[in-house]
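So you know, we letter chains A, B, ... as the sequences are listed, proteins then strands, and number each from 1.
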Amino acid sequence: MGIQVYNTITRTKEPFEPLEAGKVRMYACGVTTYDVCHIGHGMQALIYDVIRQYLTFRGYDVTYVRNYTDVDDKIIARANGLGIPALEHASNMIASSERDLAALGVQPATIQPKVSDNIPEIIELIQSLITRDYAYEINGDVYFRVRAFQDYGRLSNRNVDDLRSGARIEVSEHKQDALDFALWKRAKEGEISWNSPWGPGRPGWHIECSALAMKYLGASFDIHGGGKDLIFPHHENEIAQSLCGTNGAFSRYWVHNGLVTVDGRKMSKSLDNFLTIDDAVNRYYPESIRYAILRNHYAANIDFSEQAFYDAYSRLIYFYSTLAKLDEIRATHAEAPAGVPEGMNPPDLKTEFINAMDDDFNTACALREIGTAFKWINDVMGAKKPKLKQKAWVLLKVGDEIRRCAAVLRLLTEEPAQALADIRDYLVRQRDIDVNAVASQIEERDRARADKDWQRADQIRNELADMGILIMDTPNGTVWQVQP
RNA sequence: GGCGGCGUCGCCAAGUGGUAAGGCAGAAGUCUGCAAAACUUCCAUCACCGGUUCGACUCCGGUCGCCGCCUCCA
């Protein structure tokens, strides 16, 4: 059936067909770089990274642009507070954001342009809007004439008269109409500014995304994404500016991700209920955060709780433990036999994965299919029927398929033994567990077991269990994991 | 007030006009010295009330509750 995408502008799921065969051009709104990123930003970045990655997996040549809005009121205010230039502060925050996303395991976009590097393009677009009479200048400010654009409100399903009745529209004596929004803001005392045909100033919000998207992707492109909270006014305004300022169609598909909530409320700086990415990756194994995000559909809000991360740990331990067993098999059964032994029915993971992801990037269903494949491996691995020698090759093949699919989701990319050790370290730190004490307990238990002193051995195991330590006796000795 | 969305098993979470994926937790079993891990089995009728339909959790109307946007926001 091909890829289906839910398009906000039509409020339906549509077949995805890029403008240019084999190529996808996509844009996602990045962050305004005035402060460190919280996991809501991390979730947004991960979602579009995964969408990009999936489209690549499906054979498209993807160009993915994610901007940095590094010129903005809040940046200026914050920088003034710190006593440093606005762009310097923005640059610090960009660096911080890139460190955060790297730590989270999110890959950078193809192009990550900054507003401050693209002022001429912005001015040019504003100029074009003025020429076409969609914008006007007053005292060094330039505003977009909202009522001049017939289709205004189409994305967010609003009509201008409803907006007018809204109580909280900013009043400005300069605007011709309360709905009009700023394209260019005249510089105030001591503010960072650029020269323009309307005097020194800086871009308003919204215009940068239009200019950057069209500069790097063309006046018409395929996908535009962002958080649900940007639908209005940000994306609505982007559409207005872009369509009115050029002859292009701007974005064809509008994708909006859900938000991270805390106790049901949106995570945001203003509510002061945010968890920064930096804190999050220190507290939780980063992949567990990615898992916790991707087990939901991207458009759903996610309410993070400790439980969400424990669930993620359980699954990751299961996944990596299985992969670790496969690694052992690989080490001892390298050769590939002729084919699949009689009676074995390995899952066609790739097909199931594509079916799941084609349906509006349903990562929740994709993870179910990955889980099913793992279960199959464990089932076959534990079975006596085909000898390991015969089935090893098939097991490894399915394992490789799992890793290829999971990699699209930015999951299971680590070396299994290392991942298991790292997960344990995270849990050890979080629970404040004394690793040396655990080790000596286990040694003592091993001695008791060697003496067949089962009572003592079980007593120690129970003590460890009370601390949340799970003991596993394997042919290669006793290993332990922290109960998530 | 306007616009949009949500309410599915104890918890998390998919989904569909034809009698509800998956995960966590729980129960039983296989395995094990005993466990753990792994595997097997069991575990919901989809907020409420109407309507359309042969048939709705899925469509329509209403009620209740929650959330987002309309101001900066991923």
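Between B/G5 and B/A38, the distance separating the two P atoms is 41 Å to the nearest Å. Remark: the separation of the P atoms in B/C48 and B/U53 is 23 Å, to the nearest Å. For B/C39 and B/G61, the C1' atoms lie 49 Å apart once the distance is rounded to whole Å. Comparing B/C57 with B/U8, their P atoms are spaced 16 Å from each other, to the whole Å. Taking atom C1' in both B/C69 and B/C59, the straight-line distance is 27 Å, to the nearest Å. Only the P atoms considered, B/A20 is 26 Å distant from B/A27, to the nearest whole Å. Nucleotides B/U16 and B/G4 have their C1' atoms positioned 23 Å apart, rounded to a whole Å.
With A/F221 as reference, A/F250 is the one residue of A/F250, A/Y64, A/Y216 to meet the ring pair (Phe, Tyr, Trp, His ring centres under 6.0 Å) rule.
Residue A/H38 is in base contact, counting any heavy-atom pair closer than 4.0 Å across all strands shown. Within 4.0 Å (heavy atoms only), A/N296 reaches sugar-phosphate atoms of the nucleic acid but no base atom. Within the nucleic acid shown, A/G258 comes within 4.0 Å of at least one base atom, counting heavy atoms only.
Regarding contacts with the backbone of B/G15, a side-chain N or O of A/N362 is found under 4.0 angstrom from either OP1 or OP2. In this structure, A/N257 does not reach the B/A74 phosphate: none of its side-chain N or O atoms is under 4.0 Å from OP1 or OP2.
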side-chain hydrogen bond (donor to acceptor under 3.5 Å, both in side chains) between A/R66 and A/Q44, intermediate numbers included: CA-CA 11 Å; A/R66 183 171 186 271; A/Q44 185 264 4; 3.2 Å; yes
Scan nucleotides 56-67 of chain B nucleotide by nucleotide, 5' to 3', and note B when protein non-hydrogen atoms come under 4.0 Å of the base, S if they reach only the sugar-phosphate, - if neither. -----------S
What one-letter contact string describes nucleotides 33-41 of chain B from 5' to 3', where B marks a base within less than 4.0 Å of any protein heavy atom, S marks contact via sugar-phosphate atoms alone, and - marks no contact? BBBBSSSS-
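Checked by distance alone, A/R368 brings a side-chain donor or acceptor within 3.5 Å of a matching partner on the base of B/A21. A donor N or O paired with an acceptor N or O is found under 3.5 Å between the base of B/C69 and the side-chain atoms of A/R158.
With 3.5 Å as the limit, one finds a donor-acceptor pair spanning the side chains of A/D360 and A/H297. Checked by atom type, the side-chain pair A/Y27/A/N67 shows a donor-acceptor distance below 3.5 Å.
Ring orientation note: the planes of A/Y426 and A/Y285 are nearly perpendicular, at an angle over 60° on the 30°/60° scale.
Proximity note for A/D311 (side chain, C-beta onward) versus B/U16, B/G23, B/C70: the nearest is B/G23.
Judged as a salt bridge (Lys or Arg N to Asp or Glu O under 4.0 Å), the pairs with a partner in residues 288-302 of chain A (not counting sequence neighbours) are, in order, A/R295-A/D311.
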